[in-house]
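Quick notes on the structure that follows.
Source: prediction; values computed, not measured. Positions are given from 1 along the sequence.
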Amino acid sequence: MPPDVPSSPPVRRSARVLLIDAADRVLLFRVIADDPHAGGVWFAPGGGVELGETVRTAAARELAEETGLAVADDQLTGPVWVRRHVGANVDSRETYFTLRVDRHEVDTSGFTELEVRVLDRHRWWSVPELAEATDQVFAPRRIASMLPTVLTGSWSGPPLEVGV
């Protein structure tokens with residue numbers, strides 16, 4: 001490639017699950033504050049789609065690895081959201097599913113070495129708490145206003161684009 005043509009960052013397909021409890025709270029994880037790429041950002045469980053996986057299968061696998069909750073991929077609703085975030089090193093294309101549970105005690109023993117190193121906490125958030133947490137950064141940024149669209153429990157439309 002000629003030196004004057006900028007290269008595009010590689011595309012990373014990923015799957016995320018909006019895990020919602022009986023109190024309509026969503027589970028989010030936070031990246032440690034001093035991480036140079038995403039420090040302090042709260043996001044839904046999920047990760048990269050592996051070779052040979054569907055996005056739905058990846059979502060179920062990642063949910064089990066990161067929360068200890070193993071479900072069949074057909075138990076996930078959606079896809080409900082899509083999000084694209086282009087950074088210096090990656091063009092991230094995320095697909096979101098939902099799963100409702102009465103309650104779940106999060107088990108992070110399935111974390112990868114990287115997750116152990118960069119994730120410092122998890123928390124169940126209500127929509128009002130998300131809206132009031134103006135000192136926090138969420139991915140997607142509009143999660144507080146978008147979450148009510150999936151709290152009804154039924155989804156029949158195409159996934160909504162939720163922005164950065």
Side-chain angles (χ1 to χ4, degrees), residues 8-127 129-130 133 135-144 146-147 150 159 162-164:
S8 299
V11 172
R12 179 178 189 258
R13 290 178 49 227
S14 60
R16 301 210 170 273
V17 177
L18 299 166
L19 186 60
I20 302 164
D21 72 4
D24 281 345
R25 299 177 307 167
V26 64
L27 177 68
L28 301 176
F29 288 94
R30 189 181 83 163
V31 178
I32 59 172
D34 62 357
D35 181 277
H37 301 290
V41 175
W42 290 90
F43 61 92
V49 177
E50 295 179 355
L51 188 62
E53 274 187 321
T54 66
V55 177
R56 182 179 295 276
T57 302
R61 176 186 50 77
E62 287 285 343
L63 182 67
E65 290 174 3
E66 295 180 0
T67 71
L69 182 60
V71 298
D73 64 3
D74 63 357
Q75 291 181 265
L76 301 175
T77 299
V80 296
W81 294 350
V82 291
R83 175 179 178 258
R84 182 176 183 197
H85 175 70
V86 181
N89 300 320
V90 69
D91 179 351
S92 180
R93 300 182 188 186
E94 301 175 336
T95 302
Y96 287 78
F97 297 87
T98 64
L99 179 68
R100 281 199 162 269
V101 293
D102 286 335
R103 56 177 285 131
H104 176 66
E105 194 66 37
V106 177
D107 175 4
T108 60
S109 64
F111 270 13
T112 65
E113 184 179 314
L114 175 64
E115 290 162 344
V116 167
R117 206 169 55 246
V118 302
L119 301 180
D120 69 349
R121 66 185 56 157
H122 62 270
R123 176 180 166 184
W124 293 91
W125 292 83
S126 69
V127 171
E129 289 169 335
L130 290 166
D135 61 335
Q136 301 295 311
V137 178
F138 300 98
R141 302 289 188 259
R142 300 182 321 153
I143 192 169
M146 296 300 299
L147 195 56
V150 297
V162 294
V164 176

- Let me see the working for F111 and L119 under side chain to side chain contact (heavy atoms under 4.5 Å, CB included), right down to the final yes or no. CA-CA 9 Å; F111 270 13; L119 301 180; 3.8 Å; yes

- Message: The test is side chain to side chain contact (heavy atoms under 4.5 Å, CB included); show your working for L114 and V116 and say whether it passes.
- Response: CA-CA 5 Å; L114 175 64; V116 167; over 6 Å; no

- Query: Hey, are the side chains of V17 and T98 touching, using non-hydrogen atoms and a 4.5 Å cut-off?
  - Reply: no

- Quick one: which residue pairs count as a salt bridge (Lys or Arg N to Asp or Glu O under 4.0 Å) with a foot in residues 106-116, not counting sequence neighbours? E113-R117

- Note on the structure: Taking every heavy atom of T77 against every heavy atom of V80, the minimum-distance pair comes out as O-CG1, 4.0 Å

- Message: I'd like to know whether F138 forms a side chain to side chain contact (heavy atoms under 4.5 Å, CB included) with L130, so could you lay out the CA-CA distance, the side-chain angles of the two residues, the decisive distance to 0.1 Å, and finally the verdict.
- Response: CA-CA 9 Å; F138 300 98; L130 290 166; 3.4 Å; yes

- Query: What residues form a side-chain hydrogen bond (donor to acceptor under 3.5 Å, both in side chains) with S14, not counting sequence neighbours?
  - Reply: none

- Task: Hey, could you give me the CD/CZ distance between Q136 and R123, rounded to the nearest 0.5 Å?
- Result: 8.0 Å

- Item | By side-chain hydrogen bond (donor to acceptor under 3.5 Å, both in side chains) - contacts of R84 (at least two apart) | D91

- Item | Pairs meeting criterion ring pair (Phe, Tyr, Trp, His ring centres under 6.0 Å) with involvement of residues 43-84, two or more places apart | W81-Y96

- Message: My understanding is that only residues two or more places apart in sequence, or in another chain, count here; which of them pass side-chain hydrogen bond (donor to acceptor under 3.5 Å, both in side chains) with S126?
- Response: E129

- Query: What pairs with V71 under side chain to side chain contact (heavy atoms under 4.5 Å, CB included), at least two apart in sequence or on another chain?
  - Reply: L63, L69, Q75, L76, L99

- Item | salt bridge (Lys or Arg N to Asp or Glu O under 4.0 Å) involving E62 - partner list, sequence neighbours excluded | none

- Can you sort out the partners of H122 under ring-ring contact (aromatic ring centres under 6.0 Å, His included), two or more places apart, ordered by chain and number? F29

- From CD1 (I143) to CG (L18), nearest 0.5 Å: 6.0 Å

- Message: Contact between S92 and E94 at the side-chain level, heavy atoms closer than 4.5 Å - yes or no?
- Response: yes

- Message: Quick check: closest heavy atoms across A44 and L28, and the distance to 0.1 Å?
- Response: N-CD2, 3.6 Å

- Item | Side-chain heavy atoms of W124 within contact of D21, under 4.5 Å | yes

- Message: What I'd like to find out is whether the side chain of V162 reaches to under 4.5 Å of the side chain of V82, using heavy atoms alone.
- Response: no

- Task: Considering non-hydrogen atoms only, spot the tightest contact between V41 and A139 and give its length.
- Result: CG1-CB, 3.8 Å

- Counting distance only, does the side-chain N/O of H104 pair as donor-acceptor with the main-chain N or O of T67 below 3.5 Å? yes

- Closest heavy-atom pair, A58 versus G48, reported as atoms and distance to 0.1 Å, is CB-O, 4.3 Å

- Residues in side chain to side chain contact (heavy atoms under 4.5 Å, CB included) with V55, at least two apart? R13, A15, V49, T95, F97

- Hits for side-chain hydrogen bond (donor to acceptor under 3.5 Å, both in side chains) against W125, two or more places apart or cross-chain, chain-then-number order -> none

- Query: Hey, does V101 have a side-chain heavy atom less than 4.5 Å from the side chain of L19?
  - Reply: yes

- Query: Tell me, which pairs form a salt bridge (Lys or Arg N to Asp or Glu O under 4.0 Å) where one or both residues lie in residues 64-79, sequence neighbours left out?
  - Reply: R61-E65

- Message: Taking G46's backbone N and O only, do any of them form a donor-acceptor pair with R16's side chain (distance below 3.5 Å, no angle check)?
- Response: yes

- Item | Interatomic distance, I20 atom CD1 to L147 atom CG [nearest 0.5 angstrom] | 5.5 Å

